[in-house]
Amino acid sequence: MPVLELKDVKKYYKMPGGGQYEALRGVSAKFDAGEMVAIVGESGSGKSTLMNTIGGLDSDFEGAILYEGKNLRDFSQKEMVNYHKKSIGFIFQNFNLIPHLDLIDNVSIAMTLSNAEVKVRRQRAMELLEQVGLKEHMYKKPDQLSGGQKQRVAIARALANDPDVIIADEPTGALDAETTDVILNMIRDIAASGKLVLMVTHSDKVASHCSRVLRIDRGQIVSDQEQKPLDHHPQARTEVKIQQMSWFKAVALAFKNMKAKMSRNVLVATGMGIGIMSVILMLSLGKGVTSYVSGQMTTYSNPLVAEIQKTSSQKMRQQGMQAQQTGNSAALAKQQQKNMASLSGTSSASAFSKKDLKKLQKIAHVKKLQKGYSAISLGSNQLKLGKKTASMIYLKTVNDGIAKSEIKKGRLPKAGKNEVMIDSGSADNLSKKILGKKVKASLQIGTKTVTKTVKVVGVYEASGSGQVSTLLLPYSDLAKIFKDNGLTLKPNVVYLTATDKQYTSSIKQAAKDKGFAGSMQEQMTEMFDSILNVLTYVLTAIAAVSLLVSAIMILVVLNISVVERTQEIGVMKALGARRKDIRRIFSSEAFLLGLASGIIGVALTWLLSLGINHVTQSAFKATVVSLTPQYALTGLVISIVISMIAGILPANHASKLDPVEALRKE
Ligand code: ADP
Ligand code: MG
């Protein structure tokens with residue numbers, strides 16, 4: 001049985017203006033193993049078309065091509081891939097070596113596509129390179145070789161999987177006379193070893209060295225001449241295992257491809273990395289600032305005590321907004337007054353009634369209810385010692401919420417003795433030795449400013465990193481001051497002590513369910529959290545736009561890469577790469593680009609966070625960027641996903657390239 005048999009093969013090309021051109025007009029021939037057939041004919045006579053159809057690169061033909069008796073047309077996709085990998089070896093006029101791979105990798109690329117192990121691959125590639133006399137050049141890149149040397153590499157590559165048929169399309173067309181002889185002898189040796197060689201040539205001299213000459217004119221065989229047969233010296237066949245290329249090998253190959261365009265890829269990855277950085281930085285900044293702010297807003301730390309307020313500031317704001325929306329200016333003015341009043345502690349809306357207190361007292365597990373009062377003033381409450389003044393922002397009553405550990409010096413003030421406790425910051429401002437000193441307090445009570453001499457018996461420091469200046473005095477003392485000035489003190493804070501600390505949060509919840517609110521600090525923290533969350537999302541959205549830009553950048557770069565490597569893709573397909581393999585290689589490049597971008601992004605964020613935190617640490621003793629492993633991982637994943645999505649189009653485009661077209665590209 002002949003190795004190859006052509007039966008009335010016809011090939012039509014569609015013309016751009018409609019109609020078709022018949023490039024092959026019924027070619028029939030039989031070829032046997034060990035033949036060296038010269039295909040001769042004028043330019044445009046259909047030689048390359050015939051070779052591509054025989055080689056399985058172009059399946060759009062009429063008639064039949066039988067390989068070992070089996071019609072190419074009946075081949076399954078897998079059989080076709082195996083035909084490329086194992087049955088046919090291509091040698092091209094312009095060598096078509098892959099420029100960024102060294103000679104070993106160029107020779108072994110077909111084996112890589114067949115998933116051969118690195119060791120096996122290298123071993124075989126070295127043997128073949130030795131056979132073509134290029135062993136000492138094996139680590140060179142193709143552009144470091146002469147034309148003849150390049151063609152020798154291409155011959156070694158064609159032999160890698162030990163095929164039955166070698167198709168050489170003008171292998172000596174680009175070589176001088178001397179190198180032509182060398183290459184010709186090599187190709188003759190291949191045929192002599194028992195393979196079928198089909199070699200296109202222009203030169204009659206080259207043809208005279210072949211065992212058979214086939215002349216083609218305008219798509220038809222015009223003569224078929226047997227010449228002197230070759231001296232055969234059959235060689236042992238190499239056992240080649242053909243498998244499908246694994247993902248891992250695709251990634252490894254992609255990595256080599258990317259190394260070739262290192263500086264471009266580094267630039268792109270850095271650009272994308274900056275996009276990733278902006279996203280992670282925003283997230284980390286949001287988290288860092290939130291935890292800083294909630295750290296600043298610590299309440300008293302006695303775990304048994306729940307601080308309850310009558311109305312939440314949120315509710316008040318909502319009422320204010322309603323007034324604003326309805327355009328009722330009188331209601332708005334009233335609401336604003338109320339807001340001010342509630343802040344300064346004089347609002348009736350924020351005062352607890354007797355009924356309220358009863359309701360709270362009834363909450364399960366409440367052991368004790370303590371009335372309290374808390375007001376904020378901006379500048380009107382002051383303490384004076386000698387010439388020094390401290391402005392007290394908070395005026396508060398002594399309460400069970402204060403843990404013992406928070407009293408830094410002295411003790412809690414006792415009722416009826418004009419004793420007070422102040423925060424450590426204000427204490428330091430007034431005097432280093434404040435304990436036991438009498439200070440002059442000016443307090444805003446209703447509309448009046450009341451002056452009173454009080455004794456500082458305690459200094460406290462709330463847990464948390466910062467605190468607001470606070471003056472604490474017993475509730476009954478404050479009530480007396482109010483009474484002396486013709487006013488009645490109503491509690492605007494209630495401290496509920498739980499029977500056990502496990503109930504504290506359920507008490508808080510029960511109070512909220514009854515329409516009361518948590519402590520001012522809790523409310524402010526919640527409010528701040530929600531504002532920061534919104535801000536974080538807005539900033540992250542802006543950062544996301546930069547990611548979109550990066551994605552487009554990656555898409556463009558990968559597309560350029562596909563165009564640049566069209567020829568390479570053609571070669572890979574001729575060597576038996578499936579569409580899937582090509583898609584995988586380009587997807588792997590997108591993956592690697594995404595991975596690199598992600599790593600760069602995380603590294604940049606980390607460096608920036610070190611810098612920013614150093615500055616804020618020395619300025620406000622605060623860490624504002626909190627880069628958690630989750631955020632770093634999020635950044636990496638986002639980067640890889642975006643990059644791979646951007647890679648889908650170019651990878652698909654590459655996988656769909658027509659090998660014949662691709663190989664024709666110069
Ligand atoms: P040869 O290799 O003998 O020089 P080819 O096989 O390359 O010739 O081309 C044979 C004929 O088919 C030529 O006339 C050429 O113009 C035409 N041809 C080749 N490829 C195409 C194509 N893709 N579309 C249209 N015509 C083509
Ligand atoms: Mg040609």
Side-chain angles (χ1 to χ4, degrees), residues 4 6-29 31 36-65 72 84 88-97 147 150-151 154-155 158 165-175 180 183-184 187 196-208 210 212-225 563 566-571 573-575 653-654 656-666:
L4 272 175
L6 311 183
K7 284 183 178 167
D8 198 27
V9 175
K10 291 180 180 165
K11 166 76 196 174
Y12 300 94
Y13 283 118
K14 286 204 176 60
M15 305 289 269
Q20 47 191 17
Y21 176 77
E22 197 173 2
L24 296 178
R25 311 166 185 236
V27 178
S28 299
F31 304 104
M36 181 165 182
V37 187
I39 317 274
V40 194
E42 277 174 27
S43 177
S45 55
K47 306 180 296 291
S48 295
T49 304
L50 185 63
M51 294 300 106
N52 292 337
T53 358
I54 293 174
L57 296 183
D58 191 345
S59 54
D60 178 25
F61 62 91
E62 287 176 9
I65 299 178
L72 291 199
H84 283 141
I88 302 283
F90 271 102
I91 302 170
F92 306 94
Q93 175 175 3
N94 51 354
F95 327 120
N96 277 331
L97 299 177
K150 280 185 201 173
Q151 201 57 301
I155 290 171
V165 183
I166 295 284
I167 293 177
D169 194 348
E170 300 192 48
T172 57
L175 303 177
T180 294
I183 297 299
L184 208 56
I187 294 177
L196 165 64
V197 174
L198 301 177
M199 180 172 69
V200 173
T201 179
H202 269 313
S203 148
D204 286 329
K205 189 182 160 242
V206 170
S208 68
C210 297
R212 180 175 163 192
V213 180
L214 214 71
R215 275 180 204 282
I216 294 193
D217 188 33
R218 269 169 280 167
Q220 275 175 316
I221 296 182
V222 289
S223 80
D224 187 348
Q225 251 181 313
V563 172
T566 303
Q567 233 181 346
E568 175 186 331
I569 295 164
V571 175
K573 288 202 162 169
L575 292 173
H653 174 54
K656 285 189 182 142
L657 283 180
D658 173 11
V660 178
E661 302 269 323
L663 284 168
R664 198 178 291 135
K665 280 255 160 55
E666 282 304 309

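When reading the values below, keep in mind they use all heavy atoms of this one structure, side chains included, and skip hydrogens, waters and symmetry mates. In listed order, ligands and their atoms are each counted from 1.
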Atoms in ligand 1 flagged as close to Gly46, the criterion being non-hydrogen separation under 4.0 Å: 1 (P), 3 (O), 6 (O), 8 (O), 10 (C)
Close approach, Glu661 and ligand 1, non-hydrogen under 4.0 angstrom: yes
Nearest non-hydrogen protein atom, atom 9 (O) of ligand 1: Thr49 OG1, 3.6 Å
Flag, side chain of His202 to backbone of Gly173, donor-acceptor distance under 3.5 Å: no
For Ser43, the ligand 1 atoms whose distance to one of its heavy atoms is below 4.0 Å: 4 (O)
Min heavy-atom dist Gly41 to ligand 1 below 4.0 Å: no
Flag if over 12 foreign heavy atoms under 6.0 Å of CD, Glu42: no
Val37, Asp169, Leu184, Ile39 screened by side chain to side chain contact (heavy atoms under 4.5 Å, CB included) with Met199, the one that passes: Leu184
Any N/O pair Ala23/ligand 1 closer than 3.5 Å: no
Protein non-hydrogen atom found under 4.0 Å from atom 16 (O) of ligand 1: no
Protein heavy atom at shortest distance from atom 2 (O) of ligand 1: Ser48 OG, 2.8 Å
Contact check: Thr49 to the Mg ion (ligand 2), N/O/S below 2.8 Å: no
Lys14-ligand 1 polar pair, N/O distance under 3.5 Å: no
Identity and distance of the protein heavy atom lying nearest atom 19 (C) of ligand 1: Tyr13 CE1, 3.3 Å
Cation over ring face, Lys11 and Tyr13, 6.0 Å, 45°: yes
Top protein contact for atom 13 (C) of ligand 1, by heavy-atom distance: Gly44 O, 3.6 Å
Closest protein heavy atom (residue, atom, distance) for atom 23 (N) of ligand 1: Arg664 NH1, 3.3 Å
